[in-house]
Amino acid sequence: YQLSQFTGIQDQAGNSNDLNVAPNPSDGAFVLRFEQPALRTISVHDATGKLVGRSITGSVLFDLFLEHKGIYFVEVQDGNTRSVRKVVKL
């Protein structure tokens with residue numbers, strides 16, 4: 001048996017994939033930056049799905065110092081497109 005092709009999900013051009021989250025991992029402070037200025041709805045959820053932060057902005061600092069260590073998901077809604085990035089709090 002030989003595997004000849006890989007499959008996966010590819011990001012679509014022109015949506016919120018110009019999102020940069022840094023530093024990742026972090027001790028609690030994450031900066032979200034975008035290549036194109038625009039108002040976006042940004043939500044941060046913990047691994048259980050609990051909403052821990054929300055903002056409508058083009059660039060934002062999320063402070064997760066009061067949250068537990070673990071994995072969080074940054075959801076960006078930009079018009080009809082939605083992107084999710086995983087961040088790790090150490």
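Positions are given from 1, in the same order as the sequence printed here.
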N24 side chain to K86 main-chain N or O, any donor-acceptor pair under 3.5 Å? yes
So, taking the atom named CZ in R40 and the one named OG in S55, what distance separates them when rounded to the nearest 0.5 Å? 12.0 Å
Who else is in F65's hydrophobic cluster (ILVMFWY, side-chain heavy atoms under 4.5 Å, direct or via others)? none
State whether the side chain of K89 and the backbone N or O of L64 hold a donor-acceptor pair below 3.5 Å, judged by distance alone. yes
Here the gap from I42 atom CD1 to T57 atom OG1, rounded to the nearest 0.5 Å, amounts to 6.0 Å
For R54, all residues meeting side-chain hydrogen bond (donor to acceptor under 3.5 Å, both in side chains), sequence neighbours excluded: S43
Go through the steps to decide whether H45 and Y72 satisfy the test side-chain contact (heavy atoms from CB on, under 4.5 Å), and finish with yes or no. CA-CA 6 Å; H45 300 268; Y72 292 83; over 6 Å; no
Are V60 and L19 grouped together when hydrophobic residues (ILVMFWY) are joined by side-chain heavy atoms under 4.5 angstrom apart? yes
Residue pair E35 / P37: nearest heavy atoms and the distance that separates them: O-CD, 3.9 Å
Inspect the surroundings of CG in L51 and state if more than 12 heavy atoms from other residues, nucleotides or ligands are less than 6.0 Å away. yes
What I want to find out is whether R82 reaches E75 closely enough, with some N-O distance under 4.0 Å, to be called a salt bridge. yes
Say whether F73 and F62 are linked into one hydrophobic cluster, either directly or through other cluster members, by side-chain heavy-atom distances under 4.5 angstrom. no
Is there a path from V52 to F30 through hydrophobic residues (I, L, V, M, F, W, Y) whose side chains come within less than 4.5 Å of each other? yes
The side-chain contact (heavy atoms from CB on, under 4.5 Å) partners of P23 (sequence neighbours excluded) come to S26
With sequence neighbours left out, write down each residue that passes side-chain contact (heavy atoms from CB on, under 4.5 Å) with K69, or none if nothing qualifies. none
Under a single-linkage rule joining Ile, Leu, Val, Met, Phe, Trp and Tyr whose side-chain heavy atoms are separated by less than 4.5 Å, which residues share a cluster with L61? V31
Check for a donor-acceptor pair, side chain of D78 on one end and backbone N or O of T81 on the other, with a separation under 3.5 Å. no
Step by step, would you call T41 with V76 a side-chain contact (heavy atoms from CB on, under 4.5 Å)? CA-CA 6 Å; T41 301; V76 178; over 6 Å; no
Identify whether I71 and V84 are in the same connected component of the hydrophobic contact network (ILVMFWY, side-chain heavy atoms under 4.5 Å). yes
